[in-house]
Amino acid sequence: MPKITILPHESICPEGAEFDAEPGVSVLNAALRQKVRIEHACEKSCACTTCHVILREGFDSLEEPDENEEDYLDKAWGLEPESRLSCQAIVADEDLVVEIPKYTINMVSENH
């Protein structure tokens, strides 16, 4: 089973996290199951950028983003070549190292 490592983030996950994830689940759902509260203002429908993450390892194991995800990624704060929307990044068979960017663009902050 692949392992997801969440790098430390000042407010969301100060000490980082490491957990197993089933292939076929989104990075966002796997993180939420482990109480890593990545923002997801559009409720995982690929309609915003609040769940933007950077895959520091394992990026190439994910399927290519579709055009809709790429369009939203273009609007994300701190976009990098290994950026994905965690609601759309589906865990495959390799371990992942995930960085949650310091900032997110969220016009309405919601508690999930």
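Everything quoted here is computed from the prediction, not taken from an experiment.
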dist Cys46:SG -> His40:NE2 (nearest 0.5 Å) comes out at 14.0 Å

Side chains of Leu85 and Leu73: closer than 4.5 Å at any heavy-atom pair?
yes

Residue pair His52 / Ser83, side-chain donor-acceptor N/O under 3.5 Å:
yes

Give the minimum heavy-atom separation between Ala92 and Pro2, together with the two atoms involved.
O-CG, 3.2 Å

Nearest 0.5 Å please: distance from the CD1 atom of Ile54 over to the OG atom of Ser86.
11.5 Å

List the steps and the verdict of side chain to side chain contact (heavy atoms under 4.5 Å, CB included) for Leu55 and Val98.
CA-CA 5 Å; Leu55 281 290; Val98 178; 3.9 Å; yes

Look at the side chain of His9 and the backbone N and O of Pro101, then say whether any donor-acceptor pair between them is shorter than 3.5 Å.
yes

Measure the SG-NZ distance between Cys48 and Lys75 for me, rounded to the nearest 0.5 Å.
10.5 Å

Which residues satisfy the side-chain hydrogen bond (donor to acceptor under 3.5 Å, both in side chains) test with Ser61, sequence neighbours excluded?
none

Decide whether Leu28 and Ile6 are clustered together by the hydrophobic rule: side chain heavy atoms of Ile, Leu, Val, Met, Phe, Trp, Tyr closer than 4.5 Å, transitively.
yes

Can you run down the ring-ring contact (aromatic ring centres under 6.0 Å, His included) pairs that involve residues 56-86, sequence neighbours left out, and say none if there aren't any?
Trp77-Tyr103

Of all residues at least two apart in sequence or in a different chain, which pass the side-chain hydrogen bond (donor to acceptor under 3.5 Å, both in side chains) check with Glu82?
none

Distance in Å, Ser11 OG paired with Lys102 NZ, rounded so as to fall on 0.5 Å steps:
10.0 Å

Just so I know, are the side chains of Val36 and Ile100 near enough to count as touching, which here means a heavy-atom distance under 4.5 Å?
yes

Contacts of Ala30 that satisfy side-chain contact (heavy atoms from CB on, under 4.5 Å) - sequence neighbours left out
Ile4, Phe19, Ala21, Val25

Report the distance from atom CG of Asp20 to atom CD of Gln34, rounding to the nearest 0.5 Å.
8.5 Å

Less than 4.5 Å apart, side chain to side chain, heavy atoms only: is that true for Lys44 and Asn29?
yes

Heavy-atom side-chain contact between Pro14 and Pro8 under 4.5 Å:
no

Can you check whether Ala89's main-chain N or O pairs, donor with acceptor, with Ser26's side chain at less than 3.5 Å?
no

So, Asp95 side chain and Gly58 main chain: donor-acceptor pair closer than 3.5 Å or not?
no

Is Leu96 close to Thr5 at the side-chain level, that is, under 4.5 Å between some pair of heavy atoms?
no

What salt bridge (charged side-chain N to carboxylate O under 4.0 Å, His left out) pairs are there with at least one residue in residues 64-73, not counting sequence neighbours?
Glu69-Arg84

Test side-chain hydrogen bond (donor to acceptor under 3.5 Å, both in side chains) applied to Arg33 - qualifying residues, sequence neighbours left out:
none

Give a yes or no on whether Ile90 and Val53 share a hydrophobic cluster (residues Ile, Leu, Val, Met, Phe, Trp, Tyr; joining criterion: side-chain heavy atoms under 4.5 Å apart).
no

